[in-house]
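Please read the structure below before turning to the comments.
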Amino acid sequence: MNANRDRFGRMTKALSLTLALMCAAPLTVRGQLIDTKVVSLEAAKTMVAAAEAEAKKHSWNMAIAIVDASGNLILFHRMDDVQTGSLDVAIEKARTAAKFRRPTQAFADAVKSGNLGVLSFPGAAAVAGGVPITVDGKVIGAVGCSGMASDQDAVVAQAGVDALSTH
C-alpha cells in the first residue's frame, strides 16, 4: 500500500510540474515576441489615392503598388493608359524598398557613383520610385510607382507614403 501511495505521490508531483510548465510556457514565449505594425488594406487605399492624386496633378500615368514589410503585394493600382512595362516595375520597386528598407533611389545613386555591385543583389531595383513606409522607426511596407521618369515616379511614391503620416 505504501508503494502505491509513493507511486501516486510521484505521479501527482509530475502532473503538477507538467501543468505548471504548460501554464508558464505561453508567458515566457509571449515575452519573446515582437509587436509590429502592418499596413492595412484601408491604409493602402489611402496611400494609393494620394499617389494617384499627385500623378493626376502632373498628368502622369502611373502604376502604383503597395507591399508589406516582406514585399508581398497588398494593393495594386493601374491608372488608365500607363505603359504595360510599368506594371511589374512598380511592384519590383516597392518590393526592393521594403526588403532592403531604403528608397530605391539609394541603389540608383550607388550605380551612378560606380558601385555596380548592387546590380547583383537579388531583387534590387536600382531605379528611383520605391519608398519605404516607416512607422516608429520600423519599415512596415513600401510604395512603388512606375510610368514616367524615375524621379517623377519617386515624387508620386513619396506622396503615397506621406498620406499615411497625415492620417
Side-chain angles (χ1 to χ4, degrees), residues 28-167:
T28 303
V29 171
R30 186 170 303 197
Q32 296 171 1
L33 298 178
I34 298 171
D35 288 328
T36 59
K37 300 211 181 287
V38 296
V39 178
S40 69
L41 180 58
E42 285 306 310
K45 288 177 181 179
T46 297
M47 289 184 281
V48 162
E52 181 179 16
E54 182 69 23
K56 282 184 174 180
K57 183 169 78 174
H58 301 285
S59 298
W60 298 336
N61 297 320
M62 292 278 173
I64 304 163
I66 313 292
V67 300
D68 65 16
S70 297
N72 296 306
L73 192 61
I74 297 170
L75 186 62
F76 181 79
H77 184 73
R78 173 184 177 172
M79 294 175 65
D80 292 338
D81 206 30
V82 68
Q83 60 192 2
T84 57
S86 293
L87 306 181
D88 291 333
V89 174
I91 295 168
E92 285 306 309
K93 287 179 179 183
R95 285 183 172 152
T96 298
K99 289 180 176 183
F100 289 96
R101 300 177 182 170
R102 68 197 63 188
T104 55
Q105 180 67 54
F107 293 101
D109 291 344
V111 170
K112 188 175 181 179
S113 70
N115 182 359
L116 301 181
V118 299
L119 296 175
S120 66
F121 295 178
V127 61
V131 179
I133 302 163
T134 305
V135 175
D136 299 331
K138 301 282 184 188
V139 173
I140 64 166
V143 178
C145 295
S146 182
M148 301 302 290
S150 62
D151 59 327
Q152 295 166 322
D153 295 346
V155 167
V156 173
Q158 189 62 55
V161 170
D162 291 347
L164 185 63
S165 64
T166 61
H167 280 80

Report summary line: Closest non-hydrogen contact found for M47 with G160 is CG-O, 2.9 Å
Query raised in the report: For residues 45-56, which residue pairs qualify under salt bridge (Lys or Arg N to Asp or Glu O under 4.0 Å), counting only residues two or more places apart or in two chains?
Result: E42-K45, E52-K56, E54-K57
Query raised in the report: Taking it one step at a time, do I140 and V39 satisfy side-chain contact (heavy atoms from CB on, under 4.5 Å)?
Result: CA-CA 7 Å; I140 64 166; V39 178; 3.7 Å; yes
**Report entry** From NZ (K99) to CG (D68), nearest 0.5 Å
**Finding:** 10.0 Å
Query - Nearest-0.5 Å distance, CE of residue M148 to OG of residue S86 - result: 9.5 Å
Query raised in the report: What's the spacing between S70 OG and L73 CG if we round to 0.5 Å?
Result: 13.0 Å
Report summary line: Those residues at least two apart in sequence (or on a different chain) that pass side-chain contact (heavy atoms from CB on, under 4.5 Å) with V48 are I64, I66, L75, H77
**Report entry** Minimum-distance pair of heavy atoms, taken over all atoms of F107 and A125
**Finding:** CB-O, 4.0 Å
Report task. Under the side-chain contact (heavy atoms from CB on, under 4.5 Å) rule, what do I74 and V67 come out as? Steps first, then yes or no, please. Result -> CA-CA 5 Å; I74 297 170; V67 300; 5.6 Å; no
Side chains of residues 130-138: which donor-acceptor pairs under 3.5 Å do they make with residues two or more places apart or in other chains?
none

Query - Side-chain touch L119/V111, heavy atoms, less than 4.5 angstrom - result: yes
Report task. Kindly say whether A128 contributes a backbone atom to a donor-acceptor pair with the side chain of K93 at under 3.5 angstrom? Result -> yes
Query - Beyond-backbone contact of R78 with T84, side-chain heavy atoms, under 4.5 angstrom - result: yes
Query raised in the report: Between atom CZ of R102 and atom OG1 of T96, what is the distance when rounded to the nearest 0.5 Å?
Result: 11.0 Å
Query raised in the report: Are the side chain of T104 and the backbone N or O of A94 linked by a donor-acceptor pair below 3.5 Å?
Result: no
Query - For S146 against D153, the heavy-atom pair lying closest together - result: CA-OD2, 3.4 Å
Requested in this report: Measure up the F100 and F121 rings against each other and bin them: parallel (under 30°), tilted (30 to 60°), perpendicular (over 60°).
Outcome: parallel
Report task. Apply side-chain contact (heavy atoms from CB on, under 4.5 Å) to the pair T46 and L164, showing each step before the final yes or no. Result -> CA-CA 7 Å; T46 297; L164 185 63; over 6 Å; no
Query raised in the report: Under 3.5 Å, is there a donor-acceptor pair between the side chain of S150 and the main chain of V127?
Result: no
Report summary line: Heavy atoms of Q105 and D109 approach each other most closely as NE2-OD1, 2.6 Å
